[in-house]
Amino acid sequence: MGGHPGGPGIVAVRGAHATMSGEVDVCVVGSGPAGLAAAAAARRAGAGRVVVVDRETSPGGILPQCIHDGFGLEEFGEAFTGPEYAERAAGDAACVGVEFWQGTTALALGPGPELVLVGGSGRQVLRPRTVVVATGCRERTRGNILLPGTRPAGVFTAGTAQRLINVMGVLPGRRAVVMGSGDVGLIVARRLHLEGCEVEGVYEILTRPGGLVRNVVQCLHDHGIPLHLGHTVVEVHGDRRLEGVTVAAVDADGRVRQGTRRRVPCDTLITSLGLIPELEILRGLTDGTVDESMRTGLERVFLCGNAAFVHDTVDCVTACGRLAGRAAARHAAGLRWPRRVARVEAGEGVRQVVPGALSELAEAARFHLRLDVEGFDVEVQARARDRPLARWRLRAVSPTQAVALTAGPARLERLRQDRTLAFVARPGKEEAGGRIHRR
Amino acid sequence: MAESIAVECVLCPGGCRVRVLADRTEGARCRRGEAHARQEATDPRRTVTTTVAVEGSALPVVPVRTSAPVPRDLQAACVREISRLRLRAPLYRGQVVLVDLLGLGVDVVVTRSLPAGRETLLPMSNPASR
Ligand SMILES: Cc1cc2nc3c(=O)[nH]c(=O)nc-3n(C[C@H](O)[C@H](O)[C@H](O)COP(=O)(O)OP(=O)(O)OC[C@H]3O[C@@H](n4cnc5c(N)ncnc54)[C@H](O)[C@@H]3O)c2cc1C
Ligand code: SF4
């Protein structure tokens, strides 16, 4: 099999370094790109036994179902598809001696840290030196937004539809309406269209698309799929199977505009309503706030990838995992757990910032922000209550794309002067800019 | 100025609306955007990805891609042609399963390794999951 162009793939690395006993230095929960990067980085940073657990039977997280390309441009300088990226990342982790416990769910986490795992034949309590939580995201569902109407079959989240088509080989329906214009929804709209399911249209409640311009152009425009901005689905019809939905135009406050209701026959409704970090196993223990090395508020527990911040690209997810993995290896080797010395908050023009804390060990940091500002030449400041501590200038920003800001030792020294700092963004000068989105 | 094609640049969050004319472009704020807009206006191309039915594996389909981008307006034709394939496991990432798709000079390549039989991937080395 070595003669195949793609190499043996990860099927061939089975058991390469697997050892069955001995203490676990780092246990990573989740084998998506974040978990895989964390595990490999931990091994490379000197950790002994590193184990990845995942409830799925194969590694890669959400990637195996994301068959389109565009993954890993920064990481590998090449546009991979999701499955290719997953296989490379899993292969890399396996090659440096990471153990995979697929088909294993982490049920609970406790101080220590202690993990309760369930696999095919039972329950097991693991006491690793450190735990890295890399559990990714869940999709917001129809239930989360209380969409009225009946409860027929034929309503799918975009991710479920993506998995049905790309992994299970099942087309969910013949005529679909897509609600929400997040990236996953746009990508699924194209996929449905190419597989022969008519996509009647994509309905977005806001006045701008939720996904990247790239996806609007390549998934919708390329294939003549209509995008209705300022519209949403207001009701679902059908008894056993979906028979149609009612769509309507909405005003800025989300109220239905009189006389715009329209019934669209369809047997499939795809919801693309955004992603929510999956923090189930941290519930009741600590919130999702991390410091510059992805440490949570719980001793020797880390959080990374989309569970910590809904990143735009898998490259960012990978970098984030690596950061957590490296730190986990150092703490597994005995490094003292640090105190938090500063809180980081989102101020005017900033919707979210991660990390939300700085530790006493911080020497450098990479901040990820979602802004409410768009345009060119935008200034972001990190401020103490009354004065700016550091500034960054950004050439072009949009609320749909996160920005990453780095603070080296000099900047960080300044940032740590205050116990609370807030990031604020000022609209740019040019005509395209100057708008602050309020919601 | 008869011929002018509008292109929305997708390379950065700027989202410039570029007009491509025979001898120049208008509206791009950078060189990279200009080149991209010209390419989009004259010869837009996309990498096509889809799935193919596979036998003898735990999964019914395997994902594939074109080895290079194809003309934008031939995406649907490519998917239709590729969907006629029937493959047998094992399959390996990078394996070419169709040469010279529609005479376009690009191949179709598997993007996920699939072993034969019921296994999907790595073994479970966790003692709890046997
Ligand atoms: C449906 C969907 C489609 C997406 N499509 C794209 C896309 O096309 N392009 C893109 O760039 N990004 C996409 N994303 C974003 C994508 O999530 C990230 O790019 C990336 O996969 C996130 O990596 P991760 O490792 O943080 O999480 P994930 O890839 O989600 O991996 C998390 C893993 O943790 C496992 N897990 C969770 N909880 C437990 C538990 N308690 N015990 C054991 N295992 C557990 C899950 O099974 C999963 O394998 C998509 C996200 C979703 C939800
Ligand atoms: S033209 Fe340049 S600045 Fe404008 S969107 Fe494209 S890459 Fe960005």
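Basis for what follows: all heavy atoms, side chains included, without hydrogens, waters or symmetry-related copies. Sequence lines set the chain letters: A, B, ... in the order given, protein chains first and strands last, and positions in each chain run from 1. Bear in mind that the values here come from a model prediction, so they are computed numbers and not experimental data.
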>> Apply side chain to side chain contact (heavy atoms under 4.5 Å, CB included) to residues A:Val167 and B:Leu59 and explain how you reach the verdict.
In response: CA-CA 7 Å; A:Val167 181; B:Leu59 296 177; 4.0 Å; yes
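- Both the backbone and the side chain of B:Thr50 come within less than 4.5 Å of a heavy atom of chain A.
- Taking chain B as the reference chain and counting heavy-atom pairs below 4.5 Å, the highest number among A:His193, A:Arg214, A:Arg190 is found for A:Arg214.
- Identified by a heavy-atom distance below 4.5 Å to chain A, the contributing residues of residues 38-49 of chain B are B:Arg46, B:Thr47, B:Thr49, in residue-number order.
- Residue contact with chain B, scored on non-hydrogen atoms closer than 4.5 Å, involves the backbone and the side chain of A:Glu84 alike.
- Looking only at heavy-atom pairs under 4.5 Å with chain B, the residue among A:Ile67, A:Val216, A:Val213 that has the most is A:Ile67.
- When all heavy atoms are compared, the tightest approach of B:Arg72 to A:Asp222 is CD-OD1, 3.1 Å.
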>> Under the criterion side chain to side chain contact (heavy atoms under 4.5 Å, CB included), I'd like the reasoning laid out for A:Thr81 against B:Arg93: C-alpha separation, chi angles, the key distance, then a yes or no.
In response: CA-CA 11 Å; A:Thr81 62; B:Arg93 170 167 57 96; over 6 Å; no
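- Every residue two or more places apart in sequence or in another chain that forms a salt bridge (charged side-chain N to carboxylate O under 4.0 Å, His left out) with B:Arg84 is listed here: B:Glu81.
- In the model, A:Glu87 has no side-chain atom that pairs as donor or acceptor with a side-chain atom of B:Thr111 under 3.5 Å.
- What you find for B:Pro60 and A:Met168 is that their closest heavy atoms are CG-O, 3.0 Å.
- In this structure, the portion of B:Cys9 lying under 4.5 Å from any heavy atom of chain A is its backbone and not its side chain.
- Neither the backbone nor the side chain of A:Leu212 comes within contact range of chain B; no heavy atom of the residue lies under 4.5 Å from a heavy atom of that chain.
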